[in-house]
Amino acid sequence: MDLMNIDWPVLKRDLPFCIQTTFKQDPKLAAAINNLCRSQATQIDITETVTLPERKLQFNEVQDLLKQSSRTNAPIIINDSRKLAIKKIEDILSDINKSAENGSTPKLIIRNQKLWSNCIYDLDRVTLKSFNQAKKTILTYSRAEDKTRFNTIVFVLTKVHELLSKNMSVTRRELFYQNVARLRNQANLDVAVRDVCCLLETPPWSLGIVATSKGLIAGPLKLHYRNGGVVDCMASGGVLIPQDITGIVEFQTTAKYILVVEKDAIFQKLLDEGALVRLRPVIIITGKGYPDVSTRQLLCRLCTEIRLRALALVDADPHGYEIFLTYKYGSLAQSHLSASLACTSLVLLGARHSDIMTLAPNETRLTLTERDKRKLQSLIKRPYLDTSVGVKIKDELEMMLSSGIKAEIEALAPTAAALCDAYIPSKIIKDCYLG
């Protein structure tokens, strides 16, 4: 799996760095990209418009609304899934009120999402255990350390009840500014939203709470919404990933694979260098570091519903690998949403530790800090790396820890041209992936 010590000079000749006014893709690269499609278990024609199948969620709200509006012009009514969520909220708030009226202390029992032992690894993703199996956290209103979190959960529950009743949506940031004095900071609200989703066993977007997106996407892809709106991702510089991912009802694409880039700087450099042509046909996505929910949700849908292969390009350091693992397996904090967020088919294109030792000049190699080493040790202990696939990733992390060396992507390809014309194509041609 070592990166082409012998073939590297040949590849540099085959994939020139110079900017050309006309461009013809290297036949070896074109063949390797075609193989990315042929490696899928189920073959589909991705050069045509693809109409998505029904979402594999337990909530049928979108389907019901579309059927209802197509049959009649009657106003939208609250369907069963929303009624169920509203009923759950009313029951929780009623129990709290009854406890207070009876003189007993109100309590909330929530699955603990800070323990890896509270997760199972179904279908190679991190999934929170069911309520009966999981260890619980009991929030008691009488305890000073619990009171703020308790009050914030109640605030979110009442707002969600209003959103569901009125069929409205709100961003987390907008929700925060509705009660800044109580919430104090965005992190408190985010924890409360997570807790409410666990209590109701419903994802936030089905409760009318959407994340503020920060990710970008570029490439031959059009997103069609149920309200008739269309987002064309071929816009110069890419487009901001929409907040309403569940509202997408159709994809149009000629892309054959997805390149997931860790950093916005690399994303922009690739676009400036013409990567959409040089690496075509490709969709390029970045979460600008640790990815937001919308970016992960869109990537998951593209990979699972139209079966595009996804390749990750991250720094060869602990944080880069953690970002890759978050995309692939999901996160502990969002383990209750992993079915919609974890992209289990994602593989690592680079940067590999072997790439650092082969390609990075000594002056660009960095020494791991003590914090880096602690991060690596924590990653190595994650239970999902004890699988046949995960153990290869663990080996990579252990090699990095043993060597004490890390490097950024820029160290492996000092210019955007080198990255776009040599490093990425050579990795694709070599079919050299991890995961």
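Everything quoted here is computed from the prediction, not taken from an experiment. Along the sequence shown, residues carry numbers from 1.
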Engineer: Rounded to the nearest 0.5 Å, what's the gap from CG on Leu419 to NZ on Lys269? Could you check?
Structural biologist: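 That separation rounds to 9.0 Å.
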
Engineer: Can you name the closest pair of heavy atoms from His353 and Glu396 and give their distance?
Structural biologist: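 Looking at all heavy atoms of both residues, the shortest contact is N-OE2, 2.5 Å.
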
Engineer: State the CG-CG distance between Leu308 and Leu299, to the nearest 0.5 angstrom.
Structural biologist: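 Output value for this atom pair is 9.5 Å.
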
Engineer: Which pair of heavy atoms, one from Leu349 and one from Ile424, lies closest together, and at what distance?
Structural biologist: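 Looking at all heavy atoms of both residues, the closest pair is CD2-CG2, 4.0 Å.
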
Engineer: Any side-chain donor-acceptor pair under 3.5 Å between Asn151 and Thr148?
Structural biologist: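 Their side chains do not contain a donor-acceptor pair, so the 3.5 Å distance test is not met.
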
Engineer: Of the non-hydrogen atoms in Ala192 and Thr152, which two are nearest, and what is the gap between them?
Structural biologist: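 The answer is CB-CG2, 3.3 Å.
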
Engineer: Between Ser426 and Ala422 (side chain of the first, backbone of the second, donor and acceptor by atom type, cut-off under 3.5 Å), is there such a pair?
Structural biologist: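 Indeed, once roles are kept as given, a pair shorter than 3.5 Å links the two residues.
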
Engineer: Do Pro242 and Tyr225 come close enough that some side-chain heavy atom pair is under 4.5 Å?
Structural biologist: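 Yes - at least one pair of side-chain heavy atoms lies under 4.5 Å apart.
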
Engineer: Compare all side-chain heavy atoms of Thr326 with those of Arg296 and state whether any distance is below 4.5 angstrom.
Structural biologist: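 Thr326 reaches Arg296 side chain to side chain.
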
Engineer: Is there a donor-acceptor contact under 3.5 Å from the side chain of Ser213 to the main chain of Ser294?
Structural biologist: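 Checking the backbone N and O of Ser294 against the side chain of Ser213, no donor-acceptor pair under 3.5 Å is found.
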
Engineer: When you look at NZ of Lys136, are more than 12 heavy atoms from neighbouring residues, nucleotides or ligands closer to it than 6.0 Å?
Structural biologist: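 Atom NZ in Lys136 is packed in, count exceeds 12.
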
Engineer: Within 45 degrees of the ring normal and closer than 6.0 Å to the centroid, is that where the cationic atom of Lys375 sits relative to Tyr321?
Structural biologist: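 Lys375 over Tyr321 ring: no.
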
Engineer: As an exercise, state the distance from OG of Ser338 to CZ of Arg125, rounded to the nearest 0.5 Å.
Structural biologist: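 Rounded to the nearest 0.5 Å, the OG-CZ separation comes out at 5.5 Å.
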
Engineer: What residue among Leu164, Leu157, Thr158 forms side chain to side chain contact (heavy atoms under 4.5 Å, CB included) with Val160?
Structural biologist: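 Testing Val160 for a side chain to side chain contact (heavy atoms under 4.5 Å, CB included) against Leu164, Leu157, Thr158 leaves exactly one candidate, Leu164.
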
Engineer: Atom OG1 of Thr367 and atom CG of Asp372: how far apart are they, to the nearest 0.5 Å?
Structural biologist: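 Answer for the OG1-CG pair, Thr367 versus Asp372, is 10.0 Å.
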
Engineer: Going by heavy atoms in the side chains, are Ile283 and Cys233 under 4.5 Å from each other?
Structural biologist: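 Not touching, per the 4.5 Å side-chain cut-off.
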
Engineer: Within the distance-only criterion (no hydrogens, no angle test), does the side chain of Ser403 pair as donor or acceptor with the backbone N or O of Met399 below 3.5 angstrom?
Structural biologist: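 It does hold such a pair.
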
Engineer: Sequence neighbours left out, what pairs pass salt bridge (Lys or Arg N to Asp or Glu O under 4.0 Å) with at least one residue falling in residues 151-162?
Structural biologist: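 Every salt bridge (Lys or Arg N to Asp or Glu O under 4.0 Å) pair that includes a residue of residues 151-162, provided the two are not neighbours, is Lys159-Glu162, Glu162-Lys166.
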
Engineer: Where is the tightest heavy-atom contact between Ala417 and Glu273, given as atom of each residue plus distance?
Structural biologist: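 What the structure gives for the nearest pair is CB-OE2, 3.5 Å.
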
Engineer: Output the distance between atom CZ (Arg309) and atom CD1 (Ile428), rounded to the nearest 0.5 Å.
Structural biologist: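 Taking CZ in Arg309 and CD1 in Ile428, the distance rounds to 10.5 Å.
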
Engineer: Strictly by ring pair (Phe, Tyr, Trp, His ring centres under 6.0 Å), give each pair with a member in residues 261-291 just once, sequence neighbours left out.
Structural biologist: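 For residues 261-291, and leaving out neighbouring residues, there are no ring pair (Phe, Tyr, Trp, His ring centres under 6.0 Å) pairs at all.
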
Engineer: Can you name the closest pair of heavy atoms from Phe324 and Ala312 and give their distance?
Structural biologist: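 Looking at all heavy atoms of both residues, the shortest contact is CD1-CB, 3.8 Å.
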
Engineer: Check side chain to side chain contact (heavy atoms under 4.5 Å, CB included) between Leu332 and all other residues, then give those that pass, not counting sequence neighbours.
Structural biologist: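 For Leu332, the residues satisfying side chain to side chain contact (heavy atoms under 4.5 Å, CB included) (neighbours in sequence not counted) are Trp116, Cys119.
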
Engineer: So do Leu346 and Leu311 actually touch side chain to side chain, heavy atoms under 4.5 Å?
Structural biologist: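 Side-chain contact under 4.5 Å: no.
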
Engineer: Once salt bridge (Lys or Arg N to Asp or Glu O under 4.0 Å) is applied, what residue pairs with a partner in residues 324-340 remain, sequence neighbours excluded?
Structural biologist: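 Matches after skipping sequence neighbours: none remain.
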
Engineer: Mind running side chain to side chain contact (heavy atoms under 4.5 Å, CB included) on Arg194 and Leu337 for me, showing each step along the way?
Structural biologist: CA-CA 10 Å; Arg194 183 194 69 194; Leu337 304 175; over 6 Å; no

Engineer: Are Lys406 and Asp315 close enough for a salt bridge, meaning some N to O gap below 4.0 Å?
Structural biologist: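 Salt bridge between Lys406 and Asp315, a charged N being under 4.0 Å from a carboxylate O: no.
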
Engineer: As a quick check of understanding, evaluate side chain to side chain contact (heavy atoms under 4.5 Å, CB included) for Lys392 and Leu434, giving each step before the final call.
Structural biologist: CA-CA 7 Å; Lys392 297 177 182 178; Leu434 180 67; 3.9 Å; yes

Engineer: Applying side chain to side chain contact (heavy atoms under 4.5 Å, CB included) to Met234 and Val239, what does each step give before you reach the verdict?
Structural biologist: CA-CA 8 Å; Met234 278 300 290; Val239 299; over 6 Å; no

Engineer: Is there a side-chain contact between Thr295 and Ile285 in this structure, where contact means two heavy atoms from C-beta onward sitting under 4.5 Å apart?
Structural biologist: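 Answer yes - side chains close enough.
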
Engineer: Report yes if the side chains of Leu313 and Ile266 come closer than 4.5 Å at any heavy-atom pair, otherwise no.
Structural biologist: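 Yes, at least one pair of side-chain atoms sits under 4.5 Å.
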
Engineer: Going by the rule salt bridge (Lys or Arg N to Asp or Glu O under 4.0 Å), which residues pair with Glu370 if we only count those two or more places apart in sequence or in a different chain?
Structural biologist: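 Partners of Glu370 by the salt bridge (Lys or Arg N to Asp or Glu O under 4.0 Å) criterion, ordered by chain and then number, come out as Lys373.
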
Engineer: Please list, chain by chain and in numerical order, all residues satisfying salt bridge (Lys or Arg N to Asp or Glu O under 4.0 Å) with Asp195, sequence neighbours excluded.
Structural biologist: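 Partners of Asp195 under the salt bridge (Lys or Arg N to Asp or Glu O under 4.0 Å) test: Arg149.
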
Engineer: Checking Lys394 now: which residues fulfil salt bridge (Lys or Arg N to Asp or Glu O under 4.0 Å) with it, not counting sequence neighbours?
Structural biologist: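 Asp386.
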
Engineer: Between Arg301 (side chain only) and Ile248 (backbone N and O only), is there a donor and an acceptor less than 3.5 Å apart?
Structural biologist: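 Yes: the side chain of Arg301 pairs with the backbone of Ile248.
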
Engineer: Does Asn118 reach the main-chain N or O of Asn112 with its side chain, forming a donor-acceptor pair under 3.5 Å?
Structural biologist: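 Confirmed, Asn118 side chain pairs with Asn112 backbone.
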
Engineer: What I'd like to find out is whether the side chain of Ser335 reaches to under 4.5 Å of the side chain of Lys129, using heavy atoms alone.
Structural biologist: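 The answer is no, as the side chains (C-beta and beyond) never meet within the 4.5 Å cut-off.
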
Engineer: Can you list everything that forms a side chain to side chain donor-acceptor pair (under 3.5 Å) with Asn362? Sequence neighbours excluded, please.
Structural biologist: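 Only Arg365 meet the side chain to side chain donor-acceptor pair (under 3.5 Å) criterion with Asn362.
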
Engineer: Only counting residues at least two apart or in another chain, list the ones meeting side chain to side chain donor-acceptor pair (under 3.5 Å) with Gln377.
Structural biologist: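 None.
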
Engineer: How would you list, by chain and number, every residue that makes a side chain to side chain contact (heavy atoms under 4.5 Å, CB included) with Thr171, sequence neighbours excluded?
Structural biologist: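 Applying side chain to side chain contact (heavy atoms under 4.5 Å, CB included) to Thr171 gives Arg173, Glu174, Val210, Thr212, Gln243.
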
Engineer: Please name all residues satisfying salt bridge (Lys or Arg N to Asp or Glu O under 4.0 Å) with Asp272, sequence neighbours left out, ordered by chain then number.
Structural biologist: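 For Asp272, no residue satisfies salt bridge (Lys or Arg N to Asp or Glu O under 4.0 Å) once neighbours in sequence are set aside.
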
Engineer: Quick one: closest heavy-atom pair of Gly435 and Ile393, and the distance?
Structural biologist: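 Closest pair (atom of Gly435, atom of Ile393, distance): CA-CD1, 4.4 Å.
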
Engineer: List the steps and the verdict of side chain to side chain contact (heavy atoms under 4.5 Å, CB included) for Asp244 and Trp205.
Structural biologist: CA-CA 8 Å; Asp244 181 16; Trp205 48 86; over 6 Å; no

Engineer: Counting N and O atoms only, with roles assigned by atom type, does the side chain of Thr202 sit under 3.5 Å from a partner on the main chain of Cys197, one being a donor and the other an acceptor?
Structural biologist: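 Checked: no pair found.
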
Engineer: Got a donor-acceptor contact below 3.5 angstrom from the Asn188 side chain to the Leu183 backbone?
Structural biologist: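 Side chain of Asn188 to backbone of Leu183, a donor-acceptor pair under 3.5 Å: yes, one is there.
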
Engineer: In the structure I gave you, are the side-chain heavy atoms of Leu84 and Leu200 within less than 4.5 Å of one another anywhere?
Structural biologist: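 Heavy-atom side-chain distance check fails, nothing below 4.5 Å.
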
Engineer: Give a yes or no on whether the backbone of Val277 and the side-chain of Arg280 come within a donor-acceptor separation of less than 3.5 Å.
Structural biologist: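 Side chain of Arg280 to backbone of Val277: a pair is present.
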
Engineer: List the steps, then state whether side-chain hydrogen bond (donor to acceptor under 3.5 Å, both in side chains) holds for Asp355 with Thr358.
Structural biologist: CA-CA 5 Å; Asp355 299 348; Thr358 305; 5.9 Å; no

Engineer: For the CG atom of Leu223 and the CD1 atom of Ile217, what is their distance to the nearest 0.5 Å?
Structural biologist: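 Answer rounded to 0.5 Å: 6.0 Å.
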
Engineer: Could you check whether Lys263 pairs with Glu410 (Lys NZ or Arg NE/NH1/NH2 to Asp/Glu carboxylate O, under 4.0 Å)?
Structural biologist: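 Here Lys263 pairs with Glu410 in a salt bridge, since their nearest N and O are under 4.0 Å apart.
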
Engineer: For Tyr329, give me all partners under ring pair (Phe, Tyr, Trp, His ring centres under 6.0 Å), at least two apart in sequence or on another chain.
Structural biologist: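 Scan of Tyr329 (ring pair (Phe, Tyr, Trp, His ring centres under 6.0 Å), adjacent residues dropped) gives Tyr384.
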
